[in-house]
Student: 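Following this message is one structure expressed as structure tokens.
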Amino acid sequence: MKKILLIGLLGIALFGYLAKNVQTTQIVQNVFAAGASNSASASNSALQNAIDNQQSNVQVAGAGEVIKVLGDDLKGSRHQRFIVKIASGGTLLVAHNIDLAPRINGLNVGDIVEFYGVYEFNNKGGVIHWTHHDPRGQHIGGWLKHNGSTYQ
């Protein structure tokens, strides 16, 4: 599973780099939809739309409760991994690149994490990645927020 996830993430990164276009219109629409309110449920609406329509490579904002903290993925770029439950009841894997952004130390089950990144659909709910800046400046920077701190 880790290898498949890593290969998928690398493929997505390569596709994004080659395309040099991250569906700007869709991103702008999702950012405005997600930013319409500061509440977690409004932020999750663009995300829920992507989930419902089984879309991938969609820039989204949202929030969720940590229900499981997983071990770091140490193959290739290192990723801190955890699962969040969003307002709709669905779950998402967050894969946060800790080679490009600081890790969230002290992350615990029950904590609330806000996120801004790229959603990728899968049959388990999906993955949120690109929760960090892009050192090349070719991709919209993402972030995680936890206990008043921003990780990007």
Side-chain angles (χ1 to χ4, degrees), residues 1-2 5-6 8-10 12-13 16 22-74 76-152:
M1 179 66 181
K2 289 181 183 179
L5 180 61
L6 181 60
L9 289 174
L10 290 173
I12 292 164
V22 189
Q23 301 170 338
T24 305
T25 302
Q26 186 175 24
I27 290 170
V28 171
Q29 290 171 346
N30 288 337
V31 168
F32 279 111
S37 167
N38 287 333
S39 73
S41 61
S43 294
N44 282 334
S45 64
L47 171 61
Q48 193 59 51
N49 184 55
I51 294 169
D52 292 345
N53 293 301
Q54 299 184 359
Q55 296 175 312
S56 290
N57 198 31
V58 180
Q59 192 80 30
V60 298
E65 178 183 351
V66 177
I67 62 168
K68 187 164 187 165
V69 178
L70 304 169
D72 292 349
D73 179 358
L74 303 176
S77 296
R78 300 175 308 140
H79 288 78
Q80 181 178 18
R81 302 176 310 142
F82 54 94
I83 299 173
V84 295
K85 184 174 185 177
I86 59 175
S88 67
T91 59
L92 300 169
L93 170 65
V94 177
H96 179 60
N97 188 321
I98 53 176
D99 285 334
L100 295 175
R103 79 170 24 263
I104 300 176
N105 290 318
L107 184 66
N108 294 303
V109 170
D111 290 355
I112 301 299
V113 175
E114 295 177 64
F115 53 83
Y116 181 65
V118 175
Y119 172 77
E120 302 296 337
F121 175 81
N122 68 30
N123 62 359
K124 293 184 178 182
V127 178
I128 300 292
H129 66 109
W130 274 101
T131 57
H132 54 81
H133 71 284
D134 179 4
R136 294 183 183 154
Q138 297 175 342
H139 192 282
I140 293 174
W143 45 258
L144 296 176
K145 292 184 180 180
H146 174 259
N147 288 341
S149 295
T150 302
Y151 303 83
Q152 56 190 4

Student: With a 4.5 Å limit on heavy-atom distance, are the side chains of N49 and V58 in contact?
Tutor: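 No, side chains not in contact.
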Student: Do Q80 and V94 have side chains that get closer than 4.5 Å, going by heavy atoms?
Tutor: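 No; the side chains remain at least 4.5 Å from each other.
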Student: Indicate the atoms forming the closest heavy-atom contact of Y119 with A50, along with that distance.
Tutor: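 The pair with the smallest heavy-atom distance is CD2-CB, 3.8 Å.
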Student: Of all residues at least two apart in sequence or in a different chain, which pass the side-chain hydrogen bond (donor to acceptor under 3.5 Å, both in side chains) check with D134?
Tutor: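 Counting only residues at least two positions away or on another chain, D134 forms no side-chain hydrogen bond (donor to acceptor under 3.5 Å, both in side chains).
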Student: Between N122 (side chain only) and K124 (backbone N and O only), is there a donor and an acceptor less than 3.5 Å apart?
Tutor: yes
Student: Mind checking whether R78 and D73 have side chains closer than 4.5 Å, heavy atoms only?
Tutor: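 Not in contact.
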Student: Ignoring hydrogens, what is the shortest heavy-atom contact between A61 and Y116? Give both atom names and the distance.
Tutor: CB-CD1, 3.8 Å
Student: Heavy atoms, side chains only, cut-off 4.5 Å: are N97 and H129 in contact?
Tutor: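 No. Closest side-chain heavy atoms not under 4.5 Å.
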Student: Quick one, L47 and L92 - any side-chain contact, counting heavy atoms below 4.5 Å?
Tutor: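 Yes, at least one pair of side-chain atoms sits under 4.5 Å.
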Student: If I take atom CD from residue E120 and atom CD1 from residue I128, how far apart are they, to the nearest 0.5 angstrom?
Tutor: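 Between E120 CD and I128 CD1, I get 8.5 Å after rounding to 0.5 Å.
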Student: Give the minimum heavy-atom separation between S56 and F121, together with the two atoms involved.
Tutor: OG-N, 3.0 Å
Student: Under a 3.5 Å distance rule, please check whether H132 uses its side chain to pair with a backbone N or O of H96 as donor and acceptor.
Tutor: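 Between the backbone of H96 and the side chain of H132 there is no qualifying donor-acceptor contact (under 3.5 Å).
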Student: Please check if the side chain of R81 supplies one atom and the backbone of A95 the other of a donor-acceptor pair under 3.5 Å.
Tutor: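 No: the side chain of R81 does not pair with the backbone of A95.
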Student: Taking side chain as C-beta onward, heavy atoms only, is F82 less than 4.5 Å from L70?
Tutor: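 A side-chain contact under 4.5 Å is absent here.
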Student: Using a 3.5 Å cut-off and no angle test, enumerate the donor-acceptor pairs between side-chain atoms of residues 140-152 and protein atoms at least two apart in sequence or in another chain.
Tutor:
from, atom 1, to, atom 2, distance (Å)
H146, NE2, D111, OD2, 2.8

Student: So, for G110 and E65, which heavy atoms are closest and what is the spacing to 0.1 Å?
Tutor: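 Where G110 meets E65 most closely, the heavy atoms are CA-OE2, 3.5 Å.
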Student: In residues 102-109, what donor-acceptor pairs under 3.5 Å come from side-chain atoms, sequence neighbours left out?
Tutor:
from, atom 1, to, atom 2, distance (Å)
R103, NH2, D72, OD1, 3.1
R103, NH2, D72, OD2, 2.0
N108, ND2, G106, O, 3.0

Student: Between L100 and P135, what is the shortest heavy-atom contact and its length?
Tutor: CD2-CG, 3.8 Å
